[in-house]
Engineer: 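Sharing a structure below in structure tokens format, with a few things to ask.
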Amino acid sequence: MSNPSAVLEKTSAVAPKMAGILDGIQSPGDDRLPAWFRDEQRAAWTQFQSLPMPARTDQAWRFSSVGLLDLSPYSAAGSLSKTDGREILERSSELDETSGRLVFADDHFLERDVLSEKLRKAGVIFQPLERAMIEHEELFRRHFMSQPAALGSAKFSALHEAFVRSGTFLYVPRGVEVDLPLETFHWLHAENAAIFPHTLVVAEDLSNVTLVEHFRSTDPHRAGFACGVNDLIVGPGAKVTYICAQDWSDKTLSVQINATTVARDARTLNLHLGLGGKYSRLESLSRLTGEGAHSDMLAVSIGDEAQEFDARTLQDHASPRTYSDLLFKNALSGRSRNTFGGLIRVEPHAHFTDAYQKVRNLLLSDDAEANSMPGLEIMADNVKCSHGATSGQIDDDEMFYLLARGIPAPVARELLVGGFLNEVLERLPDPVLVAKLAALIAGKFARRAR
Amino acid sequence: MDQLIIQDLHVSIAEQEIIRGLSLAVPKGEVHAIMGPNGSGKSTLAKVLAGHPDYAVTSGSVLMDGENVLELAPDERARQGLFMAFQYPSEIPGVTIANFLRAAVQARLPEGEELEATDYYAQLYKKMDLLDMDRSFTSRSVNEGFSGGEKKRNEILQMAMLNPKYAVLDETDSGLDIDALKVVAHGVNSLRGPNLGVLLITHYQRLLNYIVPDQVHVMVRGRIELSGGKDLALQLEEKGYDWVRDDISEPALA
């Protein structure tokens, strides 16, 4: 770079060259973390080393640009300068009204807006992972990394566990309803920083909570690597809405591994919004373990230039009378690529299951590419399942209708793409969240227009 | 005088000539009806005026207040004041009427000027009341799941919001029951005035009972074959289009 920014200079001043993540866990490690945790990290590192890097010949990585997954440039970043921290905090607010907020940058916990007295008294825990593992060790250990990475990223899951040092622990006790959403921010900041954001949500019986996470880079063009895990454990009759809005820099590699376990009569809705990143992989597993469990799995991605979004999903019906509905919509322009590999699996005793999977790609340029691999594996009787993936272009008649009203072509295109994606956003129960996500999408269009 | 002038227009689609030397002038302030049998090229004329890309104008001109419309892109024509109400309006999933019309109104403002939201909604609600449309329509996706009557009302709502100089209404009466027809006609009539020229394309005379035209033109096989006052429509109703077809061999009328 011929003209390095002031921010970069400051960063290098506080973050001297460190060993890369591939050099292993640096001893003595982070001594703020408990010994049992550090032992598990060392075991995870050994596991990481023993597993092969993904290859395109693996079905789980078919069509993926695995060549982009060179991890050698990245290292865990040092702490931030006070000025940088302050600037980041100023940028870390999206929702006007929340029940609480946590902000992290380069895996360092910066700040939180504390929960209300009422929620704390009700027993809600919303705190950085590194504190939860000490203050609530038993609860934390019961659930931490308890769900397998079943969709191809066992190696990245091990890497995550070896390096994770921060994130969010959210615990909602039985019957407690958290009225306003909780919000978190994870920022990539230093050049070539590697972060391992972890989110663990445990919602007990009949509780109700919404968590909105924002993954961002402070500089839209600075390289980084994010390897995150978000595990949602949803107890009987509980209701969890989880939104992950990803807007990394255009030089970020990311692997996000999501697993959701849905118990009897529980209801979850996950929405992953993909805006940024160079290569962004999302693995999302919904495991319906109790009768009457319901999972909505939603995603929107907007690719341009050479961005690649790579999504792998599993709707695993392990109990009768369970319901899952997956809707992924992708808008692709430039040379962007999207891969979807999804499986509905209905286990032998999971009768009366309803499972749906729908992927829609809107191709906005001749060079954009979408590969979809929907799949069904049904071992029970009496099930209702459907799956389908289609790719199409903007409808000429719709376009002409907008032009005929005097709307200029670029605005018309944006309206039609927004309309295409709206079907997903409108599945959210809260109009405030719909408007917020629509605004983030409009923000990406505005950046592209500049 | 300001008018929309179509001169010796020839239009083809897939090498087949559909409009074959059509000439017509609609002065601002007047309502002209074009009637004609199926396949006479009426709807093609509407689409060509709006700039639909599937049709090739091989010769002729269209002047709007002296400006050559054929040189303009469809969105430019619309912003210059030409409006077309579609016979079959598209459904636009996920785009609300409010956002759609807002973009259209915004596009007519000078560069850098932002639409004032409260004024916009006040205008919108006023026009919706005129067309007897419930306000909940604003948050519905454009035409999605609309009945035939609702779609046509929505077309007239757009016309009311965009204040065109000339409006081409393509079979706005088709698919409407009598009550819906009255509402739509009332909407159009309330927009009539010295600053608007209307070209009303219809197959049936019925619409003209409610929107009384200043002139009636009969289109057959891609040309205007007969023009006259509003009584011409009644004659057609009585005698049928064959009467005009039989007349065609005679020396040019109009």
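Excluded from the calculations below are hydrogen atoms, water molecules and symmetry mates; all remaining heavy atoms, backbone and side chain alike, are included. Throughout, protein chains are lettered first and strands after them, A, B, ... in sequence-line order, and every chain is numbered starting at 1.
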Engineer: Does Arg135(B) make a cation-pi contact with Tyr125(B), if we ask for NZ or CZ under 6.0 Å from the ring centre and within 45° of the axis?
Structural biologist: yes
Engineer: As an exercise: rank Leu403(A), Leu402(A), Leu415(A), Asp395(A) by heavy-atom pairs under 4.5 Å with chain B and give me the winner.
Structural biologist: Leu403(A)
Engineer: Non-hydrogen atoms of chain A under 4.5 Å away: do they reach the side chain of Pro164(B), the backbone, both or neither?
Structural biologist: neither
Engineer: Run the numbers on Gln315(A) and Tyr356(A) for side chain to side chain donor-acceptor pair (under 3.5 Å), then give the verdict.
Structural biologist: CA-CA 9 Å; Gln315(A) 295 154 263; Tyr356(A) 306 99; over 6 Å; no
Engineer: Run the salt-bridge test on Asp247(A) and Arg447(A) with the 4.0 Å N-O cut-off and return the result as yes or no.
Structural biologist: yes
Engineer: Do the side chains of Glu308(A) and Arg337(A) get close enough for a salt bridge, i.e. N-O under 4.0 angstrom?
Structural biologist: yes
Engineer: Using heavy-atom distances under 4.5 Å, tell me whether Glu423(A) contacts chain B through its side chain, its backbone, both, or neither.
Structural biologist: neither
Engineer: Charged N to carboxylate O below 4.0 Å: is that the case for Glu183(A) and Lys436(A)?
Structural biologist: no
Engineer: Under 4.5 Å from any heavy atom of chain A, what part of Tyr88(B) do you find: side chain, backbone, both or neither?
Structural biologist: neither
Engineer: Which region of Asp54(B), side chain (C-beta onward) or backbone (N, CA, C, O), has a non-hydrogen atom less than 4.5 Å from a non-hydrogen atom of chain A, or is it both or neither?
Structural biologist: neither
Engineer: Could you tell me whether Lys239(A) and Glu177(A) have a side-chain N and a carboxylate O separated by less than 4.0 Å?
Structural biologist: no
Engineer: Give, as side chain, backbone, both or neither, the part of Gln80(B) having an atom under 4.5 angstrom from any heavy atom of chain A.
Structural biologist: neither
Engineer: By a 4.5 Å heavy-atom criterion (distance strictly below it), what part of Ala412(A) contacts chain B: side chain, backbone, both, or neither?
Structural biologist: neither
Engineer: Checking heavy atoms, do the side chain of Val142(B), its backbone, both or neither come under 4.5 Å from chain A?
Structural biologist: side chain
Engineer: Is the cationic atom of Arg405(A) (NZ for Lys, CZ for Arg) positioned less than 6.0 Å from the six-membered ring centroid of Tyr401(A) and within 45 degrees of its normal?
Structural biologist: yes
Engineer: Measure distances from Leu421(A) to the heavy atoms of chain B and classify the residue's part below 4.5 Å as side chain, backbone, both or neither.
Structural biologist: neither
